[in-house]
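What follows is a single structure, written as structure tokens, with notes after it.
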Amino acid sequence: MVSEGHPYSPRDLHLPGYVPCSLSQSNILSVFAFFTFLLVSLTWIFSGRLPKKTKTDRLLMCWWAFTGLTHLIVEGYFVFAPEFYKDKTGFYLAEVWKEYSKGDSRYAGRDAGIVSVEGLTAVFGGPASLLAVYAIATGKSYSHILQFAISLSQLYGVGVYYITALLEGDNFAASKLYYYAYYIGANASWIVIPLIIAIRSWKYTCAAFKGQDQTKKHKVR
């Protein structure tokens with residue numbers, strides 16, 4: 001097996017023109033954490049000024065704002081910047097994907113399945129998530145149906161992400177640390193939270209239909 005001069009697994013992954021990360025891991029993660037905290041804080045403050053919004057509503061707005069901008073900006077950059085691993089400028093989003101590829105080299109290698117899933121997520125999931133923020137904020141009737149649909153699509157995307165990795169040998173992490181921190185840990189939120197939201201929205205939707213049916217029965221009587 002011939003090394004290609006990059007830190008990714010497998011070592012013979014062909015990445016001509018690869019340029020190592022300019023930023024350290026701590027810098028990349030701290031910047032991401034800072035902007036996440038800033039976004040969530042601003043969304044929480046804004047939602048607190050809206051009438052009749054529960055803490056759950058406000059938390060959901062924070063989640064959809066975070067996941068929507070992550071899909072649009074971070075994942076969108078990956079989709080439309082196929083040679084990010086060649087970046088010499090230290091552009092932050094290129095650095096993010098160079099670092100994350102240590103946990104899953106399919107990103108640096110432009111795996112067709114990964115690009116497809118991320119492309120659909122960025123183009124459709126991102127705007128839909130921001131629409132969910134608006135729907136919750138304004139109390140739209142389609143709020144729960146929209147949240148249920150987006151959550152299902154996220155669960156489907158994560159399922160495809162992990163299943164394709166298993167079918168291809170699950171050998172894309174540079175070490176166990178990156179495997180559990182990036183490949184498993186960084187994606188866990190998009191399993192647990194969408195599952196909870198999907199169940200919650202399903203219950204609300206069923207309750208609404210049940211109430212509508214009961215109203216119709218009373219009118220018939």
- Are Thr67 and Gln154 linked by a side-chain donor-acceptor pair shorter than 3.5 Å?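 Present: a donor and an acceptor within the cut-off.
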Heavy-atom closest pair, residues [X] and [Y]:
X: Glu95; Y: Gly90; result: CG-O, 3.8 Å
X: Val133; Y: Met61; result: CG2-O, 3.7 Å
X: Val40; Y: Cys62; result: O-SG, 3.6 Å
X: Lys53; Y: Gly139; result: NZ-N, 3.8 Å

Does a side-chain heavy-atom distance below 4.5 Å link [X] with [Y]?
X: Ser47; Y: Asp57; result: no
X: Val96; Y: Tyr92; result: yes
X: Leu130; Y: Trp64; result: no
X: Ser201; Y: Ser151; result: no
X: Tyr178; Y: Ser175; result: yes

Please check if the side chain of [X] supplies one atom and the backbone of [Y] the other of a donor-acceptor pair under 3.5 Å.
X: Tyr182; Y: Ser101; result: no
X: Arg106; Y: Asp111; result: no
X: Ser30; Y: Asn27; result: yes

Working to the nearest 0.5 angstrom, can you tell me the gap between [X] [atom1] and [Y] [atom2]?
X: Lys98; Y: Ile28; atom1: NZ; atom2: CD1; answer: 9.0 Å
X: Ser9; Y: Phe172; atom1: OG; atom2: CZ; answer: 8.5 Å
X: Leu38; Y: Leu42; atom1: CG; atom2: CG; answer: 4.5 Å
X: Leu146; Y: Leu131; atom1: CG; atom2: CG; answer: 5.0 Å
X: Asp170; Y: Ile163; atom1: CG; atom2: CD1; answer: 12.0 Å
X: Thr54; Y: Leu60; atom1: OG1; atom2: CG; answer: 7.5 Å

- Non-neighbouring partners of Tyr183 that pass ring-ring contact (aromatic ring centres under 6.0 Å, His included), sequence neighbours left out: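 Result, ring-ring contact (aromatic ring centres under 6.0 Å, His included) vs Tyr183: Tyr161, Tyr162, Tyr179.
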- Query: Is Lys203 atom NZ crowded by more than 12 heavy atoms from other residues, nucleotides or ligands, each under 6.0 Å away?
  - Reply: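 Counting neighbours around NZ of Lys203, 12 or fewer heavy atoms of other residues, nucleotides or ligands fall under 6.0 Å, so no.
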- Item | Flag if over 12 foreign heavy atoms under 6.0 Å of OH, Tyr142 |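 Buried by this count: over 12 neighbours within 6.0 Å.
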- Aromatic rings Trp202 and Phe148: how do their planes relate, parallel, tilted or perpendicular, breaks at 30° and 60°?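 If you compare the ring of Trp202 with that of Phe148, the planes turn out tilted.
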- Phe66: which of Phe35, Phe37, Trp190 passes ring-ring contact (aromatic ring centres under 6.0 Å, His included):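 Testing each of Phe35, Phe37, Trp190 against Phe66, the sole residue satisfying ring-ring contact (aromatic ring centres under 6.0 Å, His included) is Trp190.
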- Message: Can you tell me which residue among Trp97, Tyr107, Phe91 is in a ring-ring contact (aromatic ring centres under 6.0 Å, His included) with Tyr77?
- Response: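 Answer to the ring-ring contact (aromatic ring centres under 6.0 Å, His included) test with Tyr77 among Trp97, Tyr107, Phe91: Phe91.
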- Does Phe34 share a hydrophobic cluster with Leu39, counting links as ILVMFWY side-chain heavy atoms below 4.5 Å and allowing steps through other members?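 Same cluster: Phe34 reaches Leu39 through Ile, Leu, Val, Met, Phe, Trp or Tyr contacts under 4.5 Å.
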- Message: For residues Leu152 and Ile197: do they belong to one hydrophobic cluster (side chain heavy atoms under 4.5 Å, members Ile, Leu, Val, Met, Phe, Trp, Tyr)?
- Response: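 Each belongs to a different hydrophobic cluster.
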- Message: Can you see whether Tyr85 has Arg110 sitting over its ring - NZ or CZ less than 6.0 Å from the centre and within 45° of the normal?
- Response: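 Checked: cation-pi criterion not met.
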- side-chain hydrogen bond (donor to acceptor under 3.5 Å, both in side chains) partners for Thr43, two or more places apart: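 Applying side-chain hydrogen bond (donor to acceptor under 3.5 Å, both in side chains) to Thr43 gives none.
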